[in-house]
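Values below: all heavy atoms of this structure, side chains included; hydrogens, waters and symmetry mates excluded. Lettering follows sequence order; numbering is per chain, from 1.
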2 protein chains.
Amino acid sequence: MATHGKLGSAAVRNVRGSAIRDLLAITDRPGVISLAGGLPAPELLPTERIAAAAARALAAPSSLQYGLTTGAPALREVVHARESAAIGRDAGSVVITHGSQQALSLLAQVLLDPGDTVVVEDPGYTGALQVFATVRANIEAVPMDGDGMCVDALRPILERGGVRVVHTVSNFHNPGGASLSGERRIELARLADEFGFWIIEDDPYGRLRFRGDEVAPVAAHTDRVIRLSSASKIIAPALRVGWMHGDPAVLALVERIKQGADLCGSSLTHAIAADVLADEPWLDAHVARIRSVYGERAQALHAALTERFGDRLTLTEPAGGMFLWGEFGDGTDTAAALPAAADAGVAYVPGAAFAVVGGHSTALRFCFTTAAPEVLFEAAKRLATVL
Amino acid sequence: MATHGKLGSAAVRNVRGSAIRDLLAITDRPGVISLAGGLPAPELLPTERIAAAAARALAAPSSLQYGLTTGAPALREVVHARESAAIGRDAGSVVITHGSQQALSLLAQVLLDPGDTVVVEDPGYTGALQVFATVRANIEAVPMDGDGMCVDALRPILERGGVRVVHTVSNFHNPGGASLSGERRIELARLADEFGFWIIEDDPYGRLRFRGDEVAPVAAHTDRVIRLSSASKIIAPALRVGWMHGDPAVLALVERIKQGADLCGSSLTHAIAADVLADEPWLDAHVARIRSVYGERAQALHAALTERFGDRLTLTEPAGGMFLWGEFGDGTDTAAALPAAADAGVAYVPGAAFAVVGGHSTALRFCFTTAAPEVLFEAAKRLATVL
């Protein structure tokens, strides 16, 4: 008997499980106000509008059949029109994916060989870090400030060579909260043209702006961007409808890999998403309502934390999205304090969970979407008893 | 300006696009009777039952929210119960996947490093060949006969070493039509225990038996099986609900890779699938109807082809599934003849599209599910004018 000792490929051994999911297991208990998740507010999920779209879709048997690997044509069309308007020119090819997480995963497989360098923001989006680890890329980090990724710190990495991809969450960063400034978007695009890398512009939150003016996407400034977005935050995560658009040659390779990954998406949820995304008056009103509610909650949490912690805690000023990022100036270890916080009835994600190269031990991420203002005030009060 | 010359990773360069999809583009034109696809009969898709399940699911906002990476608990439970009954013991862990194609893709990433050997059947399921090429495995082929994979041909490959995985479509093979005999299932399981490889038992068609007795799955005979199946062929492809079950340590690694691949499946289609799969009286009657219709169509196509081609064409005797496999004994080149066949108004897939190491140039695959008997007779008549 000659069994192989190893269980699991090098790919899986290179990937850590989601630290956040492990944390949620610690903090998911009755009475705990959780600001640790990253879910849309359940009361804002448009069940009736989706039920109407589902009923229409199910009138046609084609909505239950296999679909095209690139996604339902009607959905691709509405996405192409929306994204072309957003970037002010033709959006290129569109591939519908199973949430924008699948878009990231497919792009990593298409663009990166083991050992190729991908640059990410630090703190980083954990879903991207997992994907880049799976393809065994060399991950380099650049810091963020209030204007997003510090693009100046990118040039020395580029000059060392081997950079194939730069990943950025350009609007309302998860977890950092900040958005990439307009100037930096232009500079990042210029560097992509100069050095020939691909930018993955990961933008699930862009429509959730509740303060300030829209800023043109990085994809408005260069063809070397594959831009990702999703219906998860503006309609519903359960549709599992995300998309990418950009260079047709890259997207043709994505299609080839997606055939093997899952053949195709769901014709049913694609039909529902196409119906709802094309209904602009309804969608605009719905998104306006989400923005208004999230804006109120973000402001409430910011005010409550400022009241309780004052200068000890530096907070981002959220202009959109779902997250608030804080940093204690007095050395408070947020990971060490989490069990006590859960005992006091409040949960957050320690900054260390988003570290690319270590650090962020005094930082923490709050999600403000799922609790009403009075609950957020109570959460800040509880937190002040332990931190 | 220093752009990288290469476009696409080694993984994507190693994968050929689906030859079958390219063929469908040639043959997909008005007036052509297509026996080239692999779709369930559209008139048997249960739109009303699914609409009822969707309406029930949409009464709860949780059906629109993110779900667990392993799938909705209610769906995992019903699958666990069904699969435990099928293999006559506890089915192990269950992970719900985006169709069984995603199950294959995730398992390939978890079980295979570049250069590891995976053994497949020849002719092969093209979706599996794509996935194994993506992870740059070394693919070895064993032939099939009327009793499925020739398990005797496996031992010399195993003795050379390096085999991590054996993939088998145990029931009503796509494209080969045959099922693995009960004796060979036991022998394959014994070899897995002796040599320590993993068996991927890929069984999307097992419930579509219209002749003969059920045979216990390979997973009934050893723990070294990860068994895959799907709701696509018995309910609807658009749910994108497949599953795998088996060894908990392997499935824990699958979960870790799936987080990065797509975070989670659709809570909505999981709720629909759980509702329908748990409704056994309805499901049994529905599957009985599919079996009856497919059985009638398989028999009609077999009879029509036998009448037209006689001894020149050796056909499988289908006992279930969706496909009929034929081989011309007189050297007819089925790929070369396809354009003429399309001109005559009928399409099939040439055997060469399923070749793992070349060959099958005189073979062809017919899908009998989507045409009524009289249409199948007409297709055979047209085919006889060119082949």
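Taking B/Val131, B/Leu268, B/Ile257 one by one and counting their heavy-atom pairs under 4.5 Å with chain A, the maximum is reached by B/Ile257. Between chain B and the options A/Leu64, A/Leu253, A/Leu58, heavy-atom pairs under 4.5 Å are most frequent for A/Leu64. Ranked by heavy-atom pairs shorter than 4.5 Å toward chain B, the options A/Ala133, A/Ala57, A/Pro40 are led by A/Pro40. For the set B/Pro114, B/Ala236, B/Ala103, B/Ala261, the entry with the most heavy-atom pairs within less than 4.5 Å of chain A is B/Ala261. Of the residues considered (A/Gln259, A/Gln102, A/Gln65), A/Gln65 shows the highest number of contacts with chain B, using heavy-atom pairs under 4.5 Å. With chain A as the partner, the residue from B/Glu48, B/Glu255, B/Gln109 showing the most heavy-atom pairs under 4.5 Å is B/Gln109.
Looking at A/Trp198 and A/Val225, their side chains never come closer than 4.5 Å, going by heavy atoms from C-beta outward. Side-chain contact between B/Ile200 and B/Val118 is absent, with no heavy-atom pair separated by less than 4.5 Å. Between A/Val254 and A/Ser93 the shortest side-chain heavy-atom distance does not fall below 4.5 Å. Here the side chains of A/Tyr66 and A/Leu263 are in contact, with some heavy-atom distance below 4.5 Å.
Side chain of A/Ser105 to main chain of A/Gln101: no donor-acceptor pair is present (N/O by atom type, distance under 3.5 Å, no hydrogens or angles). Distance alone, capped at 3.5 Å, places no donor-acceptor pair between the A/His270 side chain and the A/Leu75 backbone.
With a threshold of 4.5 angstrom between heavy atoms, B/Arg240 approaches chain A through side-chain atoms but not through N, CA, C or O. For a residue to count as touching a neighbouring chain, one of its non-hydrogen atoms must lie under 4.5 Å from one of that chain's; by this rule A/Ala249 touches chain B with backbone and side chain alike. Contacts between B/Ala55 and chain A at a heavy-atom distance below 4.5 Å are absent for every atom of the residue. When heavy atoms are compared at a cutoff of 4.5 Å, B/Thr47 approaches chain A by way of both its backbone and its side chain. Heavy-atom distances place the side chain of B/Thr134, and not its backbone, under 4.5 Å from chain A. Interface residue B/Leu112: only backbone heavy atoms are found under 4.5 Å from chain A. Only the side chain of B/Ile272 comes within less than 4.5 Å of a heavy atom of chain A; its backbone N, CA, C and O stay farther away. Of the atoms belonging to B/Thr69, heavy atoms from both backbone and side chain fall under 4.5 Å from chain A. Only the side chain of B/Gln130 comes within contact range of chain A, with heavy atoms under 4.5 Å apart.
With sequence neighbours left out, the ring pair (Phe, Tyr, Trp, His ring centres under 6.0 Å) criterion links A/His167 to A/Phe132. Partners of B/Arg49 according to the side-chain hydrogen bond (donor to acceptor under 3.5 Å, both in side chains) rule, which considers only residues two or more places apart in sequence or in another chain, are B/Asp275, B/Asp279.
A salt bridge links A/Glu194 to A/Arg155: one of the charged nitrogens lies within less than 4.0 Å of a carboxylate oxygen.
In summary, the side chains of A/Asp202 and A/Tyr125 do not present any donor paired with an acceptor at a separation below 3.5 Å, with no hydrogens or angles considered.
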